[in-house]
> 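Here it is, the structure in full.
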Protein chains: 2
Amino acid sequence: MQSQQSRVLVQLRDLILKGEFGPGERLAEIPIAERLDASRTPVRLAFATLEQEGLVQSSPSGGYVMRAFTRKEIDDAIAVRGVLEGMAARLVAENGLTRAMSEELAACIRLGDEALAAPVLTIDGYADYVEMNNRFHELLVKFADNAALSRAIELNNRLPFAAASATLPMHSSTGDGRQWLLITHNQHHAMLHAMERREGTRAQALAIEHVEVARMNLRHAYEKAGETMGLMPAMRLLAGR
Amino acid sequence: MQSQQSRVLVQLRDLILKGEFGPGERLAEIPIAERLDASRTPVRLAFATLEQEGLVQSSPSGGYVMRAFTRKEIDDAIAVRGVLEGMAARLVAENGLTRAMSEELAACIRLGDEALAAPVLTIDGYADYVEMNNRFHELLVKFADNAALSRAIELNNRLPFAAASATLPMHSSTGDGRQWLLITHNQHHAMLHAMERREGTRAQALAIEHVEVARMNLRHAYEKAGETMGLMPAMRLLAGR
DNA sequence: CCAATTACAATTGCATGCAGTCAGCGGCGA
DNA sequence: TCGCCGCTGACTGCATGCAATTGTAATTGG
């Protein structure tokens, strides 16, 4: 049995990321404590952590309010992810992949190949791709073997829509979703190829370019806000400009 | 009058960074609460924040213990700072400096010029240089106008010896300390020059190269651990390897 | 009718009580 | 003498009480 505070933290973060609270909304301790079946103390602890993560902000008059995210903030965070993952890819390439690392990444990519093999993308195939994508990015960071880099990427990924797979659902509503997955997956292939050949600069450039699709998805989501809102309730956290 | 929890957080972080606690040492709530003249609650809040910052870690059996930092961790964090500040410099260069920004950076650099003008570096001149250095790096990040980038750099700088001026005292004990300051300050000049001319790639490369001096200082400090320990008590947080 | 002031209710920040748990120490047995 | 077991003391995690402050609403005065 885990502690109350970690349970509350996870559940509260989930609620926030599900768009349960509107931007600027006051987050009162007592209702949340009752809702998560805990006392106010672990809730306050969770707030302190969530403030560090940038999901809530402390109100000058006390207490915490839900943050709003501008489009620029998300876009900037994705750009930062590109630079950080670019560093990770470069480090992996420069340090060289062991046989085991290479295998693990290749196995991961093969899962993506299979998910995209069918001419029409099923829901399951899509879910498989998302999982593969998350795994690939995690492995990349892990193999870079740089704790500060891992921390920076983790912090950055806590922002809504900044993480690797966060913007994937945005174009799934359109017919050409599969096409973009093919393109980004080709970048995965190229990154592995570059890292295996110790081409650090190429691997880095690919990782940086890789996030441009995410930025494009974000742009797309803003234009079709109505459609994406349905499948991504957290969109309401994005303030107008 | 500020809140207890922010006061305790700042004071406790100071104590830690002054090397008050040894690596692995258990940080008991009650003695710390008494020492900082607060109750256990704000101390617990501060621990939660400090854990996010990576300065303390929660013990599996409850409570928190002081973290130890390996040499590789610090070295890696400095490398991450190089990449992030490189991104900042590139963004500033690409977006273009306004007249006011350019002036502010130039004024900052002039202070450095003055501090280094004397043939022998006085204590005051050294302190001026440190302040100028901090300011220059702060301005760089601020002018990049990217919140996610600022956050990442701030988090990274919380690690001991990762921040811009943290490794400066390390070679001040040696006679050639002024020489290295001249070199790094020349890099400041070059970065401003590159940014004014919108040479993004050059500005980025300079910022990345800029941290190599810090890494060298760290190496130096390890070799002369005995000397540096006197003026930087936090060195005891660095575990052997 | 509007604005200002006051009173009240709710909520936060902090302190502390309480129970569960872990660690350290001493004693006992082999 | 060494190792193991049990006990006790302390500390953490959590809940809750209390005071101060803020936000709100109602009432009164202009």
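Source: prediction; values computed, not measured.
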> All N/O contacts under 3.5 Å from nucleotides 7-9 of chain D to the protein, with atom names and distances to one decimal?
none

> With a 6.0 Å cut-off (strictly less than), is the heavy-atom count around CD of E131(A), excluding the residue itself, greater than 12?
no
> Could you encode protein contacts along nucleotides 7-16 of chain C as a string, one character per nucleotide from 5' to 3', using B for base contact, S for sugar-phosphate-only contact and - for no contact, with a heavy-atom cut-off of under 4.0 Å?
----SBBBBB
> Of all residues at least two apart in sequence or in a different chain, which pass the side chain to side chain contact (heavy atoms under 4.5 Å, CB included) check with Q5(B)?
R44(A), Y64(A), S3(B), P42(B), L45(B)
> Whether E154(B) and R151(B) form a salt bridge (side-chain N of Lys/Arg under 4.0 Å from carboxylate O of Asp/Glu) is what I want to check.
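No.
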> Atom CZ of R7(A) and atom P of dG13(D): how far apart are they, to the nearest Å?
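Atom-to-atom, R7(A) to dG13(D), this comes out as 16 Å.
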> Between the side chain of T70(B) and the main-chain N/O of E73(B), is any donor-acceptor distance below 3.5 Å?
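Checking the backbone N and O of E73(B) against the side chain of T70(B), a donor-acceptor pair under 3.5 Å is found.
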> Using whole Å, what does the distance between atom P of nucleotide dT12(D) and atom CG of L45(B) come to?
15 Å
> Under 3.5 Å, which donor-acceptor pairs do the side chains of residues 81-91 of chain A form with other protein atoms, sequence neighbours left out?
from   : atom 1 : to      : atom 2 : distance (Å)
R81(A) : NE     : A162(A) : O      : 2.6
R81(A) : NH1    : E85(A)  : OE1    : 3.4
E85(A) : OE1    : H137(A) : ND1    : 3.1
E85(A) : OE2    : H137(A) : ND1    : 3.0
R90(A) : NH1    : E94(A)  : OE1    : 3.3
R90(A) : NH1    : E94(A)  : OE2    : 3.4

> For residues 17-27 of chain B, please give each side-chain donor-acceptor pair under 3.5 Å, one per line with the distance, not counting sequence neighbours.
from   : atom 1 : to     : atom 2 : distance (Å)
E20(B) : OE2    : R35(B) : NH2    : 2.7
E25(B) : OE1    : G22(B) : N      : 2.8

> Can you name the side chain to side chain contact (heavy atoms under 4.5 Å, CB included) partners of P233(A), sequence neighbours left out?
none
> Between R219(B) and E223(B), does any side-chain N to carboxylate O distance fall below 4.0 Å?
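Answer for the salt bridge query: no.
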